[in-house]
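So the structure is just underneath, and the comments pick up after that.
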Amino acid sequence: MKETAAIKREGFLPWFRRMWTTYPLFSTAIALLVMVVLQTLALGFEFDSFGAWFSTWLRNWINILRNNASVGIIALGMTFVIVSGGIDLSVGSSLVAVGAIVMMLIDSGPRGFLYSMGISGPAVYVLAVLVGVLAGWLFGELNGVLVTSGKIPPFIVTLGTMKIFRSVTQQYMQGGSPSVPSGFLEIANVSIGGQMLMPIVYWLLISAVLHIVSQRTAFGRHVVAIGSNERAAKLSGIPVNRIKRRVYALMGMLVALSAVLQVSRIGSMDYANAGSGYEMDAIAAAIVGGTNMAGGRGSILGTVLGMLIIAVMNNLLNLMGVPPFLREAFKGVIVIGAVLLQKKESTS
């Protein structure tokens, strides 16, 4: 009712322009709606019945969500990092490192660490997930300590750890790949209504929890304050270094959960290429969702919508037959356009 009255008072175009420039979630939702319409048109309507069309459309959407759940989880953590004024380029390499650790723990062969200790069954999977999350936390904490105590710019720190994590993993894991037991695959591949929806469920649950954390907790408010004005935050008594370390530790744990999900969904890990480009996708999702690259502004809901825009765009380009290499160019255009819109909003 309030917005209806505003439309009558201002006129539709002035109201739309105000909403577009003032509320990032509004512009992101409109952009997603446009992308969904274009994707639907590209899918076509040449089906025998509405039921056949809807079944194909729904199956296409489930594939989109399932295939992007892992990077979507990482994008949630990237939102906190960017809002705090930082960046994390090591997420893809951290995913590979955690994935290797988890696979070594669950391997039932001679290289399996837990099986060699006489531990078997579901206990192996629980311990592997817990150790994997702990490893992710340590990787994130390392980044946070280097940024805060080492006084090194986040770009440089995470660029260095990106190289370290992947190269060390490749060196250690050469000569063979652990096998993933069928029981572990059920974490991501349990069927719900005939569809493998668990990756989507995990993504949505984590998004809901982090939305509450960002909006309803002191930690969420402190992250925004640090990204807006770090000096003012420090003078107001906020433990800036501790909050920053927690942000990078949270990022590491989310990467670990994404690694567990990916190992369970695919059943393997390509140590040379897995996670490659995830940092770009996560940053793009956050920025398209309204997160300010300068820090101090962003939302979990916006990042989810931004991830959906990136995912739908990839699917749309695939339906249109655009070559894979050119799809990355479109993604780059979207990121640059989103940053330009942020600059225009800040000066208006």
Side-chain angles (χ1 to χ4, degrees), residues 62-63 65-78 90-117 119-140 162 165-192 195-206 250-279 281-282 307:
I62 291 174
N63 289 334
L65 296 174
R66 186 171 60 238
N67 292 337
N68 288 275
S70 291
V71 69
I73 292 172
I74 293 176
L76 302 176
M78 191 67 75
S90 67
V91 292
S93 298
S94 299
L95 180 139
V96 169
V98 173
I101 292 171
V102 170
M103 290 181 69
M104 288 174 57
L105 291 173
I106 63 177
D107 184 15
S108 57
R111 298 182 65 183
F113 181 76
L114 293 177
Y115 281 98
S116 66
M117 297 174 60
I119 305 174
S120 60
V124 171
Y125 310 148
V126 173
L127 287 173
V129 172
L130 292 177
V131 172
V133 172
L134 176 61
W137 176 83
L138 289 173
F139 294 153
M162 175 181 71
F165 294 154
R166 189 178 294 272
S167 61
V168 170
T169 302
Q170 287 179 290
Q171 173 63 29
Y172 188 80
M173 298 301 293
Q174 64 180 345
S177 179
S179 59
V180 178
S182 58
F184 192 81
L185 300 178
E186 295 181 3
I187 294 176
N189 295 311
V190 171
S191 179
I192 301 177
Q195 299 288 341
M196 290 182 288
L197 303 176
M198 290 311 298
I200 305 171
V201 173
Y202 297 139
W203 181 19
L204 295 179
L205 286 176
I206 295 172
L250 173 63
M251 178 81 261
M253 289 190 289
L254 291 173
V255 170
L257 292 175
S258 181
V260 170
L261 183 59
Q262 188 147 322
V263 169
S264 175
R265 186 172 70 89
I266 300 175
S268 63
M269 179 70 72
D270 181 355
Y271 307 113
N273 300 306
S276 179
Y278 274 22
E279 59 283 339
D281 288 345
M307 189 70 250

Straight-line distance of [X] [atom1] to [Y] [atom2], nearest 0.5 Å:
{"X": "F165", "Y": "S90", "atom1": "CZ", "atom2": "OG", "answer": "5.5 Å"}
{"X": "I62", "Y": "I200", "atom1": "CD1", "atom2": "CD1", "answer": "6.0 Å"}
{"X": "L257", "Y": "I74", "atom1": "CG", "atom2": "CD1", "answer": "10.0 Å"}
{"X": "M198", "Y": "R265", "atom1": "CE", "atom2": "CZ", "answer": "13.5 Å"}
{"X": "Y202", "Y": "L197", "atom1": "OH", "atom2": "CG", "answer": "11.5 Å"}
{"X": "M253", "Y": "L138", "atom1": "CE", "atom2": "CG", "answer": "10.5 Å"}

Subject >> V263 vs V180, side chain to side chain contact (heavy atoms under 4.5 Å, CB included): CA-CA, chis, key distance, verdict >> reply: CA-CA 8 Å; V263 169; V180 178; 4.0 Å; yes
Least distance between heavy atoms, [X] atom then [Y] atom:
{"X": "S276", "Y": "R166", "answer": "N-NH2, 3.8 Å"}
{"X": "T169", "Y": "A100", "answer": "CG2-CB, 3.6 Å"}
{"X": "L95", "Y": "Y278", "answer": "CD1-CE2, 3.9 Å"}
{"X": "I101", "Y": "A135", "answer": "CD1-CB, 3.7 Å"}
{"X": "Q262", "Y": "A274", "answer": "NE2-CB, 4.3 Å"}
{"X": "A188", "Y": "L261", "answer": "CB-CD1, 3.7 Å"}

Subject >> Parallel, tilted or perpendicular: rings of Y125 and F184 (30°, 60°) >> reply: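 Perpendicular: the ring planes of F184 and Y125 meet at over 60°.
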Original post:
Is there a donor-acceptor pair closer than 3.5 Å between any side-chain N or O of N189 and the backbone N or O of M196?
Top reply: no
Subject >> L185 backbone acceptor or donor facing S264 side chain under 3.5 Å >> reply: yes
**OP:** Please lay out, stage by stage, how V98 and F139 fare under the test side chain to side chain contact (heavy atoms under 4.5 Å, CB included).
**Re:** CA-CA 9 Å; V98 173; F139 294 153; 3.8 Å; yes
Subject >> 4.5 Å side-chain heavy-atom contact, L250 and L254 >> reply: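 L250 reaches L254 side chain to side chain.
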